[in-house]
Amino acid sequence: MASRPVQKTGVTSTERVIERLARTRGRTKSEVVREAIGVLAKQTEGRDKADRPYETIRDLIGIVRGGPPDLSIQTGKAFRRLVAVKRQGA
């Protein structure tokens, strides 16, 4: 990916914020920008993981006790029985 040269047309509010952060933290403007990009990357990475269904319910998996041990295996059979009963009643 080729980079384009940045045109400097004047000090923007973003540049002023970067300069202020650099001064108060005792860092260069480049270091401030790199740190900000790192923080943004971590936040984005965290959201990507949270978007996965497993990550959303991970803390719930395995906490339920009781019920038939073959529940997930026998689901199809139970569903067929339920449909058959409803057909007979309809």
Side-chain angles (χ1 to χ4, degrees):
M1 182 172 169
S3 62
R4 297 182 310 168
V6 177
Q7 292 182 348
K8 188 145 181 140
T9 57
V11 178
T12 65
S13 61
T14 302
E15 286 178 294
R16 283 193 291 272
V17 169
I18 293 170
E19 289 171 356
R20 182 176 46 81
L21 287 169
R23 245 188 341 270
T24 58
R25 292 173 179 252
R27 296 181 179 227
T28 65
K29 290 190 289 183
S30 295
E31 288 172 329
V32 169
V33 170
R34 280 200 267 325
E35 183 180 347
I37 291 170
V39 169
L40 181 61
K42 285 181 183 177
Q43 288 174 350
T44 303
E45 185 178 294
R47 269 193 300 242
D48 291 344
K49 287 182 180 178
D51 290 343
R52 297 182 185 132
Y54 172 79
E55 294 298 328
T56 304
I57 63 165
R58 184 170 85 180
D59 59 326
L60 302 175
I61 296 174
I63 64 169
V64 176
R65 301 286 182 243
D70 62 347
L71 185 61
S72 64
I73 297 170
Q74 302 296 324
T75 301
K77 290 179 184 177
F79 181 72
R80 281 192 296 276
R81 279 194 303 260
L82 179 66
V83 170
V85 168
K86 286 194 175 208
R87 278 188 190 157
Q88 290 171 0

**OP:** Could you tell me which residues satisfy salt bridge (charged side-chain N to carboxylate O under 4.0 Å, His left out) with R25, sequence neighbours excluded, listed by chain and number?
**Re:**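 With neighbours one apart ignored, the set is E35.
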Subject >> Pairing residues for R58 by the salt bridge (charged side-chain N to carboxylate O under 4.0 Å, His left out) criterion, not counting sequence neighbours >> reply: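 Listed in chain order: E55.
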Subject >> Main-chain N/O of V83 paired to R87 side chain as donor or acceptor, under 3.5 Å >> reply: no
Original post:
Is a side-chain donor or acceptor of E15 paired with a backbone partner of T12 at a separation under 3.5 angstrom?
Top reply: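 Yes.
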Original post:
Hey, what do you get for CZ (R34) to CD (E31), rounding to the nearest 0.5 Å?
Top reply: 6.0 Å
**OP:** Would you give the length of the straight line joining atom CZ of R23 to atom NZ of K29, rounded to the nearest 0.5 angstrom?
**Re:** 10.0 Å
Original post:
Less than 4.5 Å apart, any side-chain heavy atom of V39 and any of Q43?
Top reply: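 SC-SC contact between V39 and Q43 confirmed.
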**OP:** Under 4.5 Å between side-chain heavy atoms, chaining through other members, with only Ile, Leu, Val, Met, Phe, Trp and Tyr counted: pull out the rest of the cluster around V33, sorted by chain and number.
**Re:** V17, I18, L21, V32, I37
**OP:** Indicate, with yes or no, if Y54 and I57 share a hydrophobic cluster defined by side-chain heavy-atom contacts under 4.5 Å among Ile, Leu, Val, Met, Phe, Trp and Tyr.
**Re:**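 I57 clusters together with Y54.
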